[in-house]
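Whatever order the structure lists ligands and atoms in, that order sets their numbers, starting from 1. These numbers come from a predicted model, not from an experiment. Numbers here simply count residues along the sequence, with the first being 1.
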Amino acid sequence: MEIKPLLEEAEKMKEQVVEWRRHFHRHPELSFREVETARFVTRQLESFGNLQISHPTQTSVMARLIGDRPGKVLAIRADMDALPIQEENTFEYASGVPGVMHACGHDSHTAVLLAAAGILSARREQIRGEIRFLFQHAEEQAPGGAQEMVDAGVMEGVDWVIGAHLLSWIEYGKFGVAYGPMMASSDNFSITVRGVAGHAAYPHQSVDAVAVSAQIITNLQHIVARYTDPLDRLVVSVTQIHGGTTNNILPAEVKLGGTVRCFNPELRTAVKEQMERIIRGITEAHGAEYEFSFEYGYRPVINDPAVTKIVEDAIADLYGAESIQILKPFMGSEDFSAFQQKAPGTFFMVGAGNPAKGIVHPHHHPLFTVDEDAMDHSLKVLLRAAAAFMELSA
Ligand code: NI
């Protein structure tokens with residue numbers, strides 16, 4: 001597949017991509033409720049022709065571009081959902097929905113993938129195998145839309161999967177790639193410690209759920225500090241404590257909650273068991289009882305080296321090797337990982353921060369925005385990479 005015409009086409013679509021992004025930005029929808037967004041995406045896809053369009057779930061969209069010649073299947077994913085945040089930007093395309101805002105850039109991802117689908121579908125005769133465009137709902141809210149789409153079969157037959165995220169903490173013109181672990185798994189836990197209520201002046205007549213909880217909180221850090229290989233990355237954070245009503249009563253129970261982040265699937269299972277062992281041991285030692293629940297959330301994003309190399313080469317080819325940052329793993333999470341369970345894939349970052357334009361706010365901030373010029377970068381890298389994967393398809 002020839003690269004030059006693809007890039008020229010992307011150049012011509014710049015304004016259209018901005019227009020689409022602004023439309024999505026003005027009309028944000030929360031996770032699992034992307035009804036109008038999915039409708040808009042579907043209408044645009046239909047106008048391109050050459051695509052087999054379906055709705056794997058209520059608010060997601062899949063478009064298959066199947067070439068005449070046999071070959072492999074590349075899936076490209078964009079997420080579409082917004083966040084429950086009141087936007088504080090004042091530009092004319094700021095959110096028109098009170099309390100809902102595209103504060104993570106998913107509006108731009110959707111616009112870019114639409115453009116990619118438009119450009120590639122016009123060249124169906126050059127396609128070997130298939131390019132599958134996945135417009136995903138609900139990235140922001142566990143259990144996430146990616147797993148639902150996978151369960152609906154969108155990854156059947158897929159050989160590679162790629163996805164991009166515009167990031168305000170990477171400067172415009174730069175890109176972030178990671179080989180292997182990139183983003184952490186994200187699991188949540190809750191613990192109830194049951195003691196025996198009593199008068200605070202007579203602790204010997206009760207079982208103090210507060211004191212027992214304090215032991216548990218302290219001991220949970222042994223999992224990180226003493227049970228885990230120091231070279232493995234792990235966070236166990238207790239983020240909630242609820243218990244008690246007043247100063248002279250020992251409460252009957254205390255509730256704790258928190259999150260576990262790591263990169264190693266075996267460690268993930270081990271942590272759950274180690275937590276329960278600690279909770280069981282401490283409550284038993286002190287005559288208390290417990291309830292423990294551990295909910296597995298998103299898996300870690302672990303990039304396939306060969307697929308990552310293709311994307312890195314595409315970036316280097318277009319913007320020079322100096323534009324690429326090899327990212328250290330970070331503890332945020334992404335349900336792109338669900339697609340990576342089914343095919344080797346890579347998730348990469350497109351710099352969209354620009355201090356000169358005042359684009360400096362972190363993701364999920366009421367003043368968040370992206371440098372819209374970065375969408376052109378993302379689009380061209382996706383097209384360049386798609387062409388490279390087509391070559392492999394031969
Ligand atoms: Ni995001």
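Applying side chain to side chain donor-acceptor pair (under 3.5 Å) to Y290 and the options E276, R194, E284 leaves one that passes, E276.
Within the 3.5 Å criterion, the main-chain N or O of V100 finds a donor-acceptor partner in the side chain of S95.
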Mind listing the side-chain donor-acceptor pairs of residues 146-163 below 3.5 Å, one per line with the distance, residues two or more places apart or on another chain?
{"from": "Q147", "atom 1": "OE1", "to": "R299", "atom 2": "NH1", "distance (Å)": "3.1"}
{"from": "Q147", "atom 1": "NE2", "to": "D151", "atom 2": "OD1", "distance (Å)": "3.0"}
{"from": "E148", "atom 1": "OE1", "to": "H137", "atom 2": "NE2", "distance (Å)": "2.8"}
{"from": "D159", "atom 1": "OD2", "to": "V73", "atom 2": "N", "distance (Å)": "2.8"}

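By the 4.0 Å N-to-carboxylate-O rule, E8 lies too far from K12 to be salt-bridged with it.
Closer than 2.8 Å to the Ni ion (ligand 1) sit the protein N, O or S atoms C104 SG, H106 NE2, H165 NE2.
Contact of the R226 side chain with the Q221 side chain is not registered, since no non-hydrogen atoms from C-beta on lie closer than 4.5 Å.
R39 and T37 are not linked by any side-chain donor-acceptor pair at a separation below 3.5 angstrom, with hydrogens and angles left out of the test.
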